Asks: 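Mind looking over this structure? Questions follow.
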Amino acid sequence: HAVEDCGKAIAAGVAAASVHLTRAESLVELERYDEALDDAERAVELAPEMPGAWKARGLIRMRLGQSDEALEDLSEAVRLAPDEPSLLCHRAAILRHGQKPASAIEDCTKALELAEDFFPALVIRAGCWEDLEDVEQAAADYDRLVALSPDDASVWVERANFRLRVDDYERAEKDFDAAIEREDSHVAARFHRGQIRAARGELDGAIDDLSAAIKLDPDFAPAFARRANVWLLKGESAKAEADYDEAERLAPEMASQLRLMRLVDESNISRQQGRLETAAEQAREALEIDEDHPPALHSLAAALMAAEEYVEALSVSERLREQVDASPGVELMRGQILVELGEYESAGEHFERALAALTDPAPPTSRGAALAGRAYVRAGLGDFIRATADFAEATRLAPENAWIHYLQGRVYHQRGEPDAAALCFRLSLRVDRPELSPRQRERVEAYLKARKAAE
């Protein structure tokens with residue numbers, strides 16, 4: 001009705017910018033952007049001194065993919081009303097879209113100076129800090145958002161998603177818990193918490209969360225696909241097949257992507273079950289669908305590492321590194337591979353890069369693994385004092401990480417301290433976050449058996 005009413009007014013000779021703006025906004029709601037742009041341009045012609053006219057045209061141009069023109073319009077709106085925080089935020093959003101996060105941060109910071117705790121500015125600035133890989137600054141803005149709206153479930157989900165992106169799964173789960181406490185029907189919170197629970201091995205809890213997400217949104221194909229993965233982990237192949245089929249039925253356009261997801265899931269499960277050759281084959285099949293798919297590359301590299309095919313694993317990890325911009329997890333993986341190849345100095349460089357990125361709020365388990373890697377390198381280079389300190393801190397941060405105890409056992413063995421080595425190896429068999437690879441476990445068990453026989 002608004003479009004019709006504005007049309008009648010314009011036909012009657014009412015030449016007011018406000019009428020054209022009203023019709024432009026109504027046309028945007030109807031997704032008739034070309035017509036909306038005509039009205040916005042007319043509003044600019046009639047009232048070039050009106051910031052709202054420039055803003056409206058800029059936002060419509062953004063919808064039409066005219067980013068440069070949109071930025072010019074929003075810049076003019078800001079010039080006309082420099083103390084309006086919403087205009088600064090709109091321009092910041094365009095700047096971020098144009099991959100200019102530093103400039104976007106300047107606008108958001110100015111908006112926050114004008115209106116303390118202006119919510120949209122914090123949201124955009126937090127994302128920009130992420131774009132610049134400044135985890136601490138991003139975390140500070142997400143924390144501020146939660147403090148501003150502690151009763152809003154969506155804010156907790158935003159921070160949880162950020163924590164997922166920096167591999168901080170423990171605190172992400174706590175945020176999803178908080179979101180669900182505030183809004184039990186929050187689909188995204190249920191879905192993501194289900195994934196975290198599955199990764200931690202809490203399969204029944206994962207099924208509960210993913211089933212709740214499906215009940216809340218029966219058309220949510222990713223929830224069916226993720227639940228299928230959990231059914232596979234539980235050995236319920238028929239239920240997994242049914243969920244994969246339902247996901248593909250709901251989203252036939254995602255058939256290739258779902259097939260890719262399934263292969264990666266199956267590869268990871270095969271690796272956990274010790275079927276390393278099968279795991280590698282499944283990951284390679286996934287890469288035939290998308291040769292640059294990071295999860296498939298990671299699965300292949302992990303399978304090759306577990307099979308102790310370190311040269312090929314290093315090559316695959318380099319491909320992965322190109323896709324994910326040298327993330328801490330990839331740096332850690334490359335360091336682990338190079339350690340096994342005896343390339344201590346190169347391994348040390350990767351562990352140092354991982355540690356530089358794994359500052360707070362990075363997950364302590366990842367930092368612990370990186371410290372253990374650096375400790376092993378330092379021990380290999382004869383720096384036992386600092387190696388001991390690194391091992392102590394790694395164990396404090398991640399006492400359930402089997403690889404940390406395994407590495408420390410190797411160092412003690414190499415130093416001729418079999419009792420200490422045996423203690424560390426026994427610990428490595430008792431913990432599982434993550435657990436040893438099948439071949440590492442075999443090696444440890446053989447060592448302990450030989451040690452017992454010698455006694």
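The model shown is predicted, which means the values in this text are computed figures rather than measured ones.
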Asks: Give the table of side-chain donor-acceptor pairs shorter than 3.5 Å for residues 44-59, with sequence neighbours excluded, one pair per line with atom names and distance.
Replies:
{"from": "E45", "atom 1": "OE1", "to": "R42", "atom 2": "NH1", "distance (Å)": "3.2"}
{"from": "W54", "atom 1": "NE1", "to": "P48", "atom 2": "O", "distance (Å)": "2.8"}
{"from": "R57", "atom 1": "NE", "to": "D73", "atom 2": "OD1", "distance (Å)": "3.4"}
{"from": "R57", "atom 1": "NE", "to": "D73", "atom 2": "OD2", "distance (Å)": "2.9"}
{"from": "R57", "atom 1": "NH2", "to": "D73", "atom 2": "OD1", "distance (Å)": "2.9"}

Asks: I want to check something: taking the side chain as every heavy atom from C-beta on, are S437 and M305 in contact at a cut-off of under 4.5 Å?
Replies: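 Not touching, per the 4.5 Å side-chain cut-off.
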
Asks: Can E318 and R334 be said to form a salt bridge (charged side-chain N to carboxylate O under 4.0 Å, His left out), step by step?
Replies: CA-CA 8 Å; E318 179 59 31; R334 287 176 63 77; 3.2 Å; yes

Asks: Assess whether a salt bridge exists between E322 and R319, defined as any Lys/Arg side-chain N lying under 4.0 Å from an Asp/Glu carboxylate O.
Replies: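 The answer is no: the pair does not qualify as a salt bridge.
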
Asks: Test: salt bridge (Lys or Arg N to Asp or Glu O under 4.0 Å). Region: residues 74-86. Which pairs qualify, not counting sequence neighbours?
Replies: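 Counting only pairs at least two positions apart or across chains, the salt bridge (Lys or Arg N to Asp or Glu O under 4.0 Å) contacts touching residues 74-86 are E76-R79.
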
Asks: With H192, which residues qualify under ring-ring contact (aromatic ring centres under 6.0 Å, His included), at least two apart?
Replies: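 H192 satisfies ring-ring contact (aromatic ring centres under 6.0 Å, His included) with F176 once adjacent residues are dropped.
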
Asks: Anything under 3.5 Å between a donor and an acceptor, one on a side chain of residues 222-234, the other on a protein residue two or more places apart or in another chain? List them.
Replies:
{"from": "R226", "atom 1": "NH2", "to": "D265", "atom 2": "OD1", "distance (Å)": "3.1"}
{"from": "R226", "atom 1": "NH2", "to": "D265", "atom 2": "OD2", "distance (Å)": "3.1"}
{"from": "R227", "atom 1": "NE", "to": "D243", "atom 2": "OD2", "distance (Å)": "2.7"}
{"from": "R227", "atom 1": "NH1", "to": "S211", "atom 2": "OG", "distance (Å)": "3.0"}
{"from": "R227", "atom 1": "NH2", "to": "D243", "atom 2": "OD1", "distance (Å)": "3.0"}
{"from": "R227", "atom 1": "NH2", "to": "D243", "atom 2": "OD2", "distance (Å)": "3.4"}
{"from": "W231", "atom 1": "NE1", "to": "D243", "atom 2": "OD2", "distance (Å)": "3.1"}
{"from": "K234", "atom 1": "NZ", "to": "D204", "atom 2": "OD1", "distance (Å)": "2.7"}

Asks: How far apart are the C-alpha atoms of R321 and E331, what are their side-chain angles, what is the distance that settles it, and do they pass the salt bridge (charged side-chain N to carboxylate O under 4.0 Å, His left out) test?
Replies: CA-CA 8 Å; R321 192 170 185 239; E331 295 293 344; 3.1 Å; yes

Asks: Are the charged groups of E31 and R63 less than 4.0 angstrom apart, N to O?
Replies: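 A salt bridge is absent here (no side-chain N lies under 4.0 Å from a carboxylate O).
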
Asks: Return the set of residues passing side-chain contact (heavy atoms from CB on, under 4.5 Å) with S18 (not counting sequence neighbours), or none when no residue passes.
Replies: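 Scan of S18 (side-chain contact (heavy atoms from CB on, under 4.5 Å), adjacent residues dropped) gives A16.
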
Asks: Among all residues two or more places apart in sequence or in another chain, which pass the side-chain hydrogen bond (donor to acceptor under 3.5 Å, both in side chains) test with E340?
Replies: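 Once residues adjacent in sequence are excluded, the partners of E340 under the side-chain hydrogen bond (donor to acceptor under 3.5 Å, both in side chains) criterion are R410.
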
Asks: Is a salt bridge present between R165 and E130, judged by a nitrogen-to-oxygen distance below 4.0 Å?
Replies: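 Here R165 pairs with E130 in a salt bridge, since their nearest N and O are under 4.0 Å apart.
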
Asks: Is the backbone N or O of V146 less than 3.5 Å from a side-chain atom of R159, with the two atoms forming a donor-acceptor pair by type?
Replies: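 Checking the backbone N and O of V146 against the side chain of R159, no donor-acceptor pair under 3.5 Å is found.
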
Asks: Do D217 side-chain atoms and D219 backbone N/O form a donor-acceptor pair below 3.5 Å?
Replies: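 Side chain of D217 to backbone of D219: a pair is present.
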
Asks: Evaluate side-chain contact (heavy atoms from CB on, under 4.5 Å) for I10 paired with R23, printing each intermediate quantity in order.
Replies: CA-CA 10 Å; I10 292 168; R23 188 165 71 173; 3.5 Å; yes

Asks: Count the heavy atoms belonging to other residues, nucleotides or ligands that lie under 6.0 Å from NE2 of H186, then report whether that count exceeds 12.
Replies: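 Yes, NE2 of H186 has more than 12 neighbouring heavy atoms, counting only those of other groups under 6.0 Å.
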
Asks: Is it the case that the side chain of Q282 and the backbone of S267 share a donor-acceptor pair, with hydrogens and angles ignored and the cut-off at 3.5 Å?
Replies: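 The answer is yes, because a donor-acceptor pair under 3.5 Å joins these two groups.
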
Asks: Should we say atom CD of E253 is surrounded by more than 12 heavy atoms from elsewhere, each under 6.0 Å from it?
Replies: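 Atom CD in E253 is crowded, with more than 12 foreign heavy atoms closer than 6.0 Å.
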
Asks: Only counting residues at least two apart or in another chain, list the ones meeting ring-ring contact (aromatic ring centres under 6.0 Å, His included) with Y142.
Replies: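 In terms of ring-ring contact (aromatic ring centres under 6.0 Å, His included), with neighbours along the sequence ignored, Y142 is linked to F162.
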
Asks: Below 4.0 angstrom, N of the basic side chain to O of the carboxylate: do R190 and D184 qualify?
Replies: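 Yes, R190 and D184 are salt-bridged.
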
Asks: With a sphere of 6.0 Å drawn around CZ of R200, does it hold more than 12 non-hydrogen atoms of other residues, nucleotides or ligands?
Replies: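 Result for CZ/R200: enclosed.
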
Asks: Could you walk me through whether D152 and R182 satisfy the salt bridge (charged side-chain N to carboxylate O under 4.0 Å, His left out) test, starting with their C-alpha distance in whole Å, then the side-chain angles of each, then the deciding distance to 0.1 Å, before giving a yes or no?
Replies: CA-CA 7 Å; D152 185 349; R182 289 156 177 78; over 6 Å; no

Asks: My understanding is that only residues two or more places apart in sequence, or in another chain, count here; which of them pass side-chain contact (heavy atoms from CB on, under 4.5 Å) with R259?
Replies: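 So R259 forms a side-chain contact (heavy atoms from CB on, under 4.5 Å) with R262, L263, E285, I289.
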
Asks: Taking only residues two or more places apart in sequence, or in another chain, which ones meet F220 in a ring-ring contact (aromatic ring centres under 6.0 Å, His included)?
Replies: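 F220 satisfies ring-ring contact (aromatic ring centres under 6.0 Å, His included) with F191 only.
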
Asks: From the options D134, D141, D107, D131, select the one residue that forms a salt bridge (charged side-chain N to carboxylate O under 4.0 Å, His left out) with R125.
Replies: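 Between R125 and the candidates, salt bridge (charged side-chain N to carboxylate O under 4.0 Å, His left out) is satisfied uniquely by D141.
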
Asks: How would you list, by chain and number, every residue that makes a side-chain contact (heavy atoms from CB on, under 4.5 Å) with A115, sequence neighbours excluded?
Replies: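 Counting only residues at least two positions away or on another chain, A115 forms a side-chain contact (heavy atoms from CB on, under 4.5 Å) with P85, F118.
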
Asks: Suppose we screen for side-chain hydrogen bond (donor to acceptor under 3.5 Å, both in side chains). Which residues come up paired with R284, at least two apart in sequence or across chains?
Replies: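 Residues passing side-chain hydrogen bond (donor to acceptor under 3.5 Å, both in side chains) with R284: E312.
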
Asks: Go through the structure and list residues passing side-chain contact (heavy atoms from CB on, under 4.5 Å) with S346, not counting sequence neighbours.
Replies: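 So S346 forms a side-chain contact (heavy atoms from CB on, under 4.5 Å) with L338, E343.
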
